[in-house]
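These notes concern the structure reproduced below.
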Amino acid sequence: MPELPEVETTVRDLRKKVLGRIVEDIWCDFKKMIKKPASFEQFKKELKSKKIRKIWRRGKNILLGLSDGRTLLIHQKLTGHLLLGEWELKKGEWEAKIPGPLFADPTNKFLHLIFFLDNGQMLTLSDLRKFAKVELWDKKELGEELKSLGPEPLEKSFTFKKFKEALKGQKRKIKQVLMDQEVMAGIGNIYSDEILFEAKVNPFKETKRLNNKEAKKVYTAMGKILKKAIAVKGESISDFRRISGEKGEFDPLRKVYRREGEKCPRCGTKIVRKKIAGRSVHFCPQCQKV
DNA sequence: TGCAGTGTTGCTTC
DNA sequence: CGAAGCAACACTGC
């Protein structure tokens with residue numbers, strides 16, 4: 001599940017490897033993932049010969065700025081992840097050259113989209129469940145598209161004061177609010193559980209019932225957990241991999257997510273799993289009392 | 001064996 | 001309007 005730390009990891013890896021590269025050709029076997037422009041042929045035509053000039057992140061979106069001023073937006077959703085391989089020209093046709101160790105990992109074999117680049121590299125999207133979306137936006141439309149996203153949790157400008165304002169008037173439980181991309185952008189199920197454990201706040205806590213001290217703890221834990229996760233290149237409990245195919249190293253640092261029945265590392269109480277609005281939530285019933 | 005569980009987003013429903 | 005439910009999809013585990 002690529003959330004903010006995984007998307008940030010991908011973006012930093014991409015900057016090192018594909019900045020300045022030119023898209024020579026594109027292959028796709030699941031054209032429904034290309035949402036804009038509507039036709040794949042048009043998408044291919046518009047991307048061909050364009051240079052990748054800028055790479056950044058907004059929430060969970062990967063953004064590639066192109067030499068014609070347009071931007072390629074990739075949202076990996078649940079199981080999508082980008083991988084960097086190589087191609088070679090055989091009998092006048094592109095052929096993907098797949099590094100053995102990378103594609104020996106079963107999560108890396110669901111290739112549905114390939115960008116053939118000008119230096120013999122290929123940037124591919126592996127996505128088991130095929131929920132990922134890819135869009136090509138004009139500059140002025142992109143701003144409109146991203147407008148609904150809330151602030152970036154790690155931006156310096158997202159102060160505790162701004163955080164409290166974002167929580168103001170919320171009628172849902174704190175876990176739901178942290179995961180709402182319009183409130184703040186980039187947090188999903190894994191990191192909301194980990195942040196609330198770190199803050200010792202119960203995920204079922206009604207947001208309006210958080211006192212200043214608790215809100216501060218959630219805010220501080222949010223910064224701490226997200227930065228830590230970025231430093232170790234994200235989690236790989238499920239499908240996420242770095243573009244090299246390597247796993248992120250957050251998994252052993254995970255305190256509660258998917259640890260139902262295991263002992264809380266703080267107090268030894270068994271971690272429980274419950275549901276909030278149809279999604280699983282993991283927490284320590286002792287450390288995180290309502 | 002079959003079916004619930006997995007979790008992001010956007011659309012539909014209430 | 002806001003919140004809940006469900007579909008998009010495919011594989012795993014019970």
- Message: Without decimals, in angstroms, what is the distance between A/Lys133 NZ and B/dT9 C1'?
- Response: 8 Å
- Item | Side-chain (A/Asp118) to main-chain (A/Ile22) donor-acceptor, under 3.5 angstrom | yes
- Tell me, which stems hold DNA chain C, with a stem being 3 or more Watson-Crick or G-U pairs in a row and both distances under 3.5 Å? B:2-6 with C:10-14, B:8-14 with C:2-8
- Item | Check: A/Tyr191 ring centroid to A/Phe250 ring centroid under 6.0 Å | yes
- Tell me: CG of A/Leu128 to P of B/dT8, nearest whole Å? 15 Å
- Item | Euclidean distance, atom CD of residue A/Glu194 to atom P of B/dG7 [Å, nearest integer] | 13 Å
- Item | Covered region of DNA chain C, 5' end to 3' end, by chain A [heavy atoms, under 4.0 Å] | C/dA3 to C/dC11
- Considering non-hydrogen atoms only, spot the tightest contact between A/Thr107 and A/His81 and give its length. O-CE1, 3.2 Å
- With under 30° as parallel and over 60° as perpendicular, where do the rings of A/Phe160 and A/Tyr219 fit, or are they tilted in between? tilted
- Length of the CG-C1' vector between A/Leu73 and B/dT8, whole Å: 14 Å
- Item | Side chain A/Gln121, main chain A/Val18, donor-acceptor under 3.5 Å | no
- Item | P-based separation of C/dG5 from B/dG5 [nearest Å] | 14 Å
- Message: Applying a 4.0 Å non-hydrogen cut-off, can you work out what A/Lys275 is touching in the nucleic acid: base, sugar-phosphate, or nothing?
- Response: sugar-phosphate
- What is the distance, rounded to the nearest whole Å, between atom NZ of A/Lys35 and atom P of B/dT8? 17 Å
- Item | Candidate list A/Glu3, A/Lys175, A/Gln176, test side-chain hydrogen bond (donor to acceptor under 3.5 Å, both in side chains), partner A/Ser192, passing option | A/Lys175
- Quick one: on DNA chain C, does A/Leu78 or A/Gly169 contact a more 5' nucleotide (nearest heavy atom)? A/Gly169
- Query: Under 4.0 Å between a side-chain N/O of A/Lys77 and OP1 or OP2 of B/dG10, yes or no?
  - Reply: no
- Query: Can you tell me how far P in C/dC14 sits from the matching atom in B/dG7, rounded to whole Å?
  - Reply: 15 Å
- Message: Over all strands shown, is A/Gln181 touching base, sugar-phosphate only, or nothing at heavy-atom distances under 4.0 angstrom?
- Response: sugar-phosphate
- Does the side chain of A/His75 get closer than 4.0 angstrom to OP1 or OP2 of B/dT9 through an N or O atom? yes
- Message: Say we look at B/dG10 and C/dC11: how far apart would their C1' atoms be, to the nearest angstrom?
- Response: 23 Å
- Query: Between A/Ser126 and A/Asn108, do the side chains contain an N or O donor and an N or O acceptor separated by less than 3.5 Å?
  - Reply: no
- cation_pi(A/Lys31, A/Phe40) dist<6.0 Å, angle<=45: yes
- Query: Using a cut-off of 4.0 Å on non-hydrogen atoms, how would the nucleic acid contact of A/Glu182 be classed: base, sugar-phosphate, or nothing?
  - Reply: nothing
- Kindly give the heavy-atom pair with the smallest separation between A/Phe240 and A/Lys233, and that separation in Å. CE2-O, 3.9 Å
- Message: Can you measure A/Lys130 atom NZ to B/dT9 atom C1' for me and round it to whole angstrom units?
- Response: 18 Å
- Expressed in angstrom and rounded to an integer, what is the separation of A/Phe131 atom CZ from B/dT9 atom P? 12 Å
- Which part of the nucleic acid, if any, lies within reach of A/Ser280 when heavy atoms closer than 4.0 Å are counted: base, sugar-phosphate only, or nothing? sugar-phosphate
- Hey, which of these two, A/Ile187 or A/Arg258, hits DNA chain B nearer its 5' end, going by closest nucleotide? A/Arg258
- Query: Going by an N to O cut-off under 4.0 Å, is there a salt bridge joining A/Lys173 and A/Glu206?
  - Reply: yes
- Query: Side chains of A/His112 and A/Asp127: is there a donor and an acceptor less than 3.5 Å apart?
  - Reply: no
- Query: Rounded to the nearest Å, what distance is computed from the CD1 atom of residue A/Ile62 to the P atom of nucleotide B/dT8?
  - Reply: 15 Å
- Task: Pick the C1' atom in B/dA4 and in C/dC6, then give their distance to the nearest Å.
- Result: 15 Å
- Message: For the P atoms, the ones on C/dC9 and on B/dT12, what distance do you get once it is rounded to whole angstrom?
- Response: 16 Å
